[in-house]
Protein chains: 2
Amino acid sequence: MSYSVGQVAGFAGVTVRTLHHYDEIGLLVPGGRSHAGHRRYDDADLDRLQQILFYRELGFPLEEVAVLLDDPKADPRAQLRRQHELLTARIERLQQMAAAVEHAMEARRMGINLTPEEKFEVFGDKDPEAHAEEAERRWGGTEAYAESQRRAATYTKDDWQRMQAEVASWGERYDALMAAGEPPSGEAAMAMAEEHRRHISTWFYECTYEAQLGLADMYVSDERFKEFYDSMRPGLAEHLREAITANAARHGS
Amino acid sequence: MSYSVGQVAGFAGVTVRTLHHYDEIGLLVPGGRSHAGHRRYDDADLDRLQQILFYRELGFPLEEVAVLLDDPKADPRAQLRRQHELLTARIERLQQMAAAVEHAMEARRMGINLTPEEKFEVFGDKDPEAHAEEAERRWGGTEAYAESQRRAATYTKDDWQRMQAEVASWGERYDALMAAGEPPSGEAAMAMAEEHRRHISTWFYECTYEAQLGLADMYVSDERFKEFYDSMRPGLAEHLREAITANAARHGS
DNA sequence: GCTTGCACCTCACGCCGCGTGAGGAAGCAG
DNA sequence: CTGCTTCCTCACGCGGCGTGAGGTGCAAGC
């Protein structure tokens, strides 16, 4: 069985021109040609094209794709293993970016302005340590700068205030809850955790229980977030984290 | 506080040239210039750059990025929400690709050759239904073709045989296990499920319990995979699926 | 038998997102 | 004052195709 350019382009979801290009640069030379000089792709060519598209989608330059595919010590098994590894790595990367976006949103919610370093922490930044030193050495006093920026958040006026009011109301009720000695795993605290999640979902993004767990960790590990919650009542950040954990466990199963 | 090109390039992980380019095309015009004509980026510029890099990383052309960012009815909140949605969509997409890779590996393990449509199912293929009709109409008899291809797998000779031997041995023992009336949730069956997972992990890719669940579903839903296992013993595919499920549940908690 | 139409062919130029110099000025360290 | 670094502005080039332009091969309909 062999296929024409149009057919291959059809099920591979690429243009005929792309196939021509791959032929030109020797990346995918069809197994044969018809009498009239038309390209004829066989099954092996399709497999190869599939591989090509895979690596291309992950952003590899075509030249490198050729190297990967023509690597003699990489049998099909090794290829698939590599692909699988690449995919999981990419997924992890995206999840990091998602976490960063969540981080950014939380910062905005609390009126905290991030330092330049934090803004780009998910990009570039190949060598975090060296970078931090560099930053200190060259532009000095990053920490002091951060301090000075902490309250200079850019608001979006109108309904921002309504949101702030919600936060304040929630904070007062959580304060009362803790004053009453409610445990984090209790009904009341979990209800507050649930409200917290709903608040984020309506004002920002669809916040899953899993995403909320990520936030909860941040509330105790990041100084400023911790400060934000603890200013409502000392120990609130930690209490909230446990309440969120309990609430997520309840809904998770 | 304002920053020079070099500084911005530093923490954003881009080159100076890139910043120049963004200035040229009007995508990111620095807030001001120094006396000597040097670009000076302020905090708002950094925020914008962060956004730009985000969309760029997701593959948007710069022109479109400009549209997204200058969209007047998208406040910062909406931006973040959109970004979050894009990310989860991308993650889903990659997970689909991972599943497709797993699918391909299983097919190879069993010596099944996929049809062209299957090979590319994760790419292009915008309109699956229309595509299937088209394929039938134009290149007809896809099913018949698939039939003819089913045993024409390309082996990788040497250790391939050892792997096949492992599979055969596993199959015989599973056959015996079922003959002895062992239930899927029993120790013996779960041990076989675990061995199945290890087999894939050593010969192919790191197979998590979750990934194995995906495979298990495939074994009963895809005719050819089902056939493969049921040829060892009728009902084996279903039995195995339940054993895998039980084994995953045990390790999952 | 002739035209119409479609899918194929081969040049060849253009666009985007920068990389990569070239040539020069500004600013800071010794 | 001398260097070293960072900055500036052209301006050309490259990868990965898109997009014609102009021509061929083949099956269907007149």
Side-chain angles (χ1 to χ4, degrees), chain A residues 2-42 45 49 51-69 123-124 134-135 137-140, chain B residues 2-42 45 49 51-69 123-124 134-135 137-140:
Chain A
S2 77
Y3 314 88
S4 71
V5 269
Q7 290 172 22
V8 174
F11 32 69
V14 300
T15 67
V16 170
R17 171 67 179 121
T18 299
L19 294 176
H20 285 175
H21 185 59
Y22 293 169
D23 188 2
E24 276 175 36
I25 65 175
L27 178 57
L28 179 66
V29 180
R33 293 262 185 162
S34 79
H35 158 65
H38 293 190
R39 279 161 252 251
R40 302 263 70 188
Y41 294 85
D42 58 33
D45 293 333
L49 178 56
Q51 306 280 67
I52 292 172
L53 294 182
F54 181 91
Y55 288 116
R56 184 187 72 163
E57 176 136 345
L58 293 192
F60 286 85
L62 297 184
E63 198 169 338
E64 214 165 314
V65 171
V67 174
L68 286 172
L69 294 186
F123 297 110
E134 264 292 294
R137 195 172 58 68
R138 294 184 52 195
W139 311 311
Chain B
S2 75
Y3 314 87
S4 71
V5 268
Q7 289 172 23
V8 175
F11 33 69
V14 300
T15 67
V16 171
R17 171 66 177 120
T18 299
L19 294 175
H20 284 177
H21 184 60
Y22 292 169
D23 188 2
E24 279 176 32
I25 65 174
L27 179 56
L28 179 66
V29 180
R33 294 262 185 160
S34 82
H35 157 65
H38 292 189
R39 279 162 250 248
R40 302 263 70 187
Y41 294 86
D42 58 32
D45 293 333
L49 177 56
Q51 306 279 66
I52 291 172
L53 294 183
F54 181 92
Y55 288 117
R56 184 186 74 163
E57 175 137 344
L58 293 190
F60 287 86
L62 297 183
E63 197 169 338
E64 215 165 313
V65 172
V67 174
L68 287 173
L69 293 187
F123 297 110
E134 267 291 296
R137 197 172 55 68
R138 292 184 52 196
W139 311 311

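Note: hydrogens, waters and symmetry copies are ignored here, and every other heavy atom, side chains too, is used. Numbered from 1 within each chain, the chains take letters A, B, ... in sequence-line order. Note that the structure is predicted; figures quoted are calculated from it, not measured.
Taking only side-chain nitrogens and oxygens, A:S34 never comes nearer than 4.0 Å to OP1 or OP2 of D:dG25. At least one side-chain nitrogen or oxygen of A:R56 sits closer than 4.0 Å to the OP1 or OP2 atom of D:dC17. Distances shorter than 4.0 Å separate none of the side-chain N or O atoms of B:R39 from OP1 or OP2 on D:dC7. In this structure, B:T15 reaches the C:dG19 phosphate: one of its side-chain N or O atoms is under 4.0 Å from OP1 or OP2. An OP1 or OP2 oxygen of C:dA7 is reached within less than 4.0 angstrom by no side-chain nitrogen or oxygen of A:S4.
Remark on DNA chain D: of its neighbouring residues A:Y22 and A:H38, the 5'-side contact belongs to A:Y22, judged by nearest-heavy-atom nucleotide. Between B:F60 and B:H35, the one whose closest nucleotide on DNA chain C sits nearer the 5' end is B:F60.
Following rounding to the nearest Å, A:E24 (CD) and C:dA12 (C1') show an atom-to-atom distance of 10 Å. In this structure, A:D23 atom CG and C:dC8 atom C1' are separated by 13 Å, rounded to whole Å. Residue B:R17 contributes atom CZ, which lies 14 Å from atom P of C:dC16 at whole-angstrom precision. Protein atom CZ of A:R33 is 15 Å distant from nucleotide atom C1' of D:dG25, rounded to whole Å. Remark: P of D:dG13 and NE2 of B:H21 are 18 Å apart, rounded to the nearest angstrom. Regarding A:L19, its CG atom lies at a distance of 10 Å from the P atom of D:dG18, rounded to whole Å.
For A:P61, the side-chain atoms get nearest to D:dG16 when compared with the rest of D:dC8, C:dG27, D:dG16. Distances were taken from every side-chain heavy atom of B:V16 (C-beta onward) to each of D:dG16, C:dC8, D:dC8; the shortest belongs to D:dC8. Each of D:dG25, C:dG17, C:dC9 was ranked by its minimum atom distance to the side chain of B:L62; first place goes to C:dG17. Distances were taken from every side-chain heavy atom of A:V5 (C-beta onward) to each of C:dC8, D:dC8, C:dG17; the shortest belongs to C:dC8. Considering only the side chain of B:H20, D:dT9 comes nearest among D:dC17, D:dT9, C:dC9.
Heavy atoms only, all atoms of each residue included: B:V29 and B:D45 are closest at O-OD1, 3.8 Å. Shortest non-hydrogen contact noted between A:P30 and A:R39 is CG-CG, 3.3 Å. Across all their heavy atoms, B:L19 and B:A9 have their closest contact at CD1-N, 3.7 Å. Closest non-hydrogen pair, A:V14 versus A:R56, comes out as CG1-NH2, 4.0 Å.
Across B:H38, B:H20, B:R40, a single residue satisfies side-chain contact (heavy atoms from CB on, under 4.5 Å) together with B:V5, and that is B:H20.
If you check every strand for non-hydrogen atoms under 4.0 Å, B:R40 touches nothing.
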